[in-house]
Chemist: 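Please read through the structure below; I'll follow up with questions.
Just follow the structure's listing: the first ligand is 1, and inside any ligand the first atom is 1. In this chain, numbering begins with 1 at the start of the sequence shown. Computed from heavy atoms alone, side chains included, the values below leave out hydrogens, waters and symmetry copies.
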Amino acid sequence: MNIKEIDKEYIAGTYKRFPVEIVSGKGSLVKDEAGKEYIDMGSGIGVTAFGIADDEWQKAVTKQLSEVQHTSNLYYTSPCALLAEMLCEKTGLKKVFFSNSGAEANECAIKAARKYGSEHKGEEYFEIITLVNSFHGRTITTLSATGQDKFHSLFTPMTPGFISVPAGDIDALKEAVSAHKASGIMMECIQGEGGVIALDSDYVKAAAALAKENDLVLIIDEVQSGNGRSGALYSYMNYGIEPDVVTTAKGLGGGLPIGATMLGEKVQDIFSFGDNGSTFGGNPVCCAGALSILGRIDDALLEEVRKKSEYIFSSFSGAPGIESVSGMGLMIGVKTAKPAADVVAQCIENGVLCLTAKDKVRLLPALNIPFDLLEKAVEIIKAAAEQ
Ligand SMILES: *Cc1c(COP(=O)(O)O)cnc(C)c1O
């Protein structure tokens with residue numbers, strides 16, 4: 001059997017894979033088993049922030065690998081402490097809990113909000129208000145937080161305590177706040193899986209003000225939109241708000257699993273010994289890689305991300321077969337006249353890997369994708385959308 005056949009035989013049937021086996025790559029180019037080259041416009045769902053086998057990231061990771069690969073959280077390690085320090089210095093948030101994925105980062109945020117509600121308002125204040133069309137993860141509790149019913153039906157009962165209201169409707173949010181015993185509000189400023197939709201700026205500001213007035217923990221899920229993806233270090237920074245909790249994962253590790261829950265002033269001391277934990281969380285190899293990624297997301301890189309974003313928006317807007325372009329930075333949704341899946345399949349034929357989100361073609365290229373590769377990929381996607 002070849003790898004595709006072995007995979008089909010032995011991997012649980014949760015993934016509908018594209019018909020490509022990736023065997024190697026460098027930067028924004030990857031190669032399949034037959035030696036065919038592709039421009040990578042998905043970066044492993046926004047994970048390989050500086051592309052495949054990035055030299056600096058590789059150096060940081062291999063150095064740490066050769067020193068110590070794991071210690072558990074019973075001991076101190078420098079990459080973990082230094083990464084937490086860098087996250088706090090760059091965001092103004094105060095403390096960090098490390099885990100291994102976006103879902104776990106959100107689980108920790110939910111725990112923080114629930115404990116805050118319980119301690120400051122009463123035990124019954126555990127509800128968290130989320131948005132319709134959101135995506136917060138695949139564990140039962142983060143699925144419960146996810147405002148898309150299609151994810152719920154097979155796995156009921158869901159974790160109680162989540163209410164979702166339509167995004168962009170501040171009256172609905174106000175109503176939910178007064179009707180429920182809430183501890184927090186949780187949202188993505190740019191809904192990713194929901195179709196790459198950036199929330200309206202006035203709405204996000206009003207939601208942040210509402211959280212403040214009602215002493216609710218404002219959780220911003222930056223699992224996909226964070227770490228430079230939006231053209232700011234974290235997407236909430238484009239909105240001028242100050243969240244109480246920020247979660248991130250995907251791009252932070254540059255390709256190794258890591259989740260981070262950053263706690264602001266309001267909840268910085270919410271956790272005591274034993275309130276949360278993770279065997280692998282804060283792993284020194286993952287943290288060393290993340291330090292190399294986060295340390296390079298500076299103003300110059302963010303400016304480059306915004307320029308590439310403008311280029312993508314202007315290339316697609318009004319092009320034949322393109323109905324609309326949405327998103328922010330290098331987190332982009334392209335609504336095509338043809339079904340998105342057909343466009344993506346055509347792109348694979350022609351040497352470009354892209355993603356879908358709902359009915360859109362989704363683009364999450366590496367932040368440092370060279371301009372010539374970006375141009376080439378955009379032309380191939382446009383041609384696929386037009387045919
Ligand atoms: C991907 C994603 C998650 C889940 O992350 P995992 O690492 O797959 O658990 C949560 N929230 C958002 C916004 C995401 O895009």
Chemist: In terms of side-chain geometry, is the basic nitrogen of Glu304 or Lys307 positioned less than 4.0 Å from the acidic oxygen of its partner?
Modeler: no

Chemist: Scan side-chain atoms only and decide if Asn106 and Thr142 contain a donor-acceptor pair under the 3.5 Å cut-off.
Modeler: no

Chemist: Salt-bridge test for Lys26 and Asp54: reply yes if a basic N is under 4.0 Å from a carboxylate O, no otherwise.
Modeler: no

Chemist: Give a table of atom pairs where an N or O of ligand 1 lies under 3.5 Å from a protein N or O.
Modeler:
unit_1, atom_1, unit_2, atom_2, d
ligand 1, 7 (O), Gly102, N, 2.8
ligand 1, 9 (O), Gly102, N, 3.4
ligand 1, 9 (O), Ala103, N, 2.8
ligand 1, 11 (N), Phe135, O, 3.3
ligand 1, 11 (N), Asp221, OD1, 3.4
ligand 1, 11 (N), Asp221, OD2, 2.8
ligand 1, 15 (O), Gln224, NE2, 2.7
ligand 1, 15 (O), Lys250, NZ, 2.7

Chemist: Determine whether more than 12 heavy atoms belonging to other residues, nucleotides or ligands lie under 6.0 Å from atom NZ of Lys4.
Modeler: yes

Chemist: Do Phe98 and Leu83 pass the side-chain contact (heavy atoms from CB on, under 4.5 Å) test, and can you show the C-alpha distance, the side-chain angles, and the key distance before you say yes or no?
Modeler: CA-CA 10 Å; Phe98 286 120; Leu83 180 61; 3.6 Å; yes

Chemist: Who else is in the cluster with Leu143 when I, L, V, M, F, W and Y are joined by side-chain contacts under 4.5 Å?
Modeler: Phe135, Ile140, Phe151, Leu154, Phe155, Met158

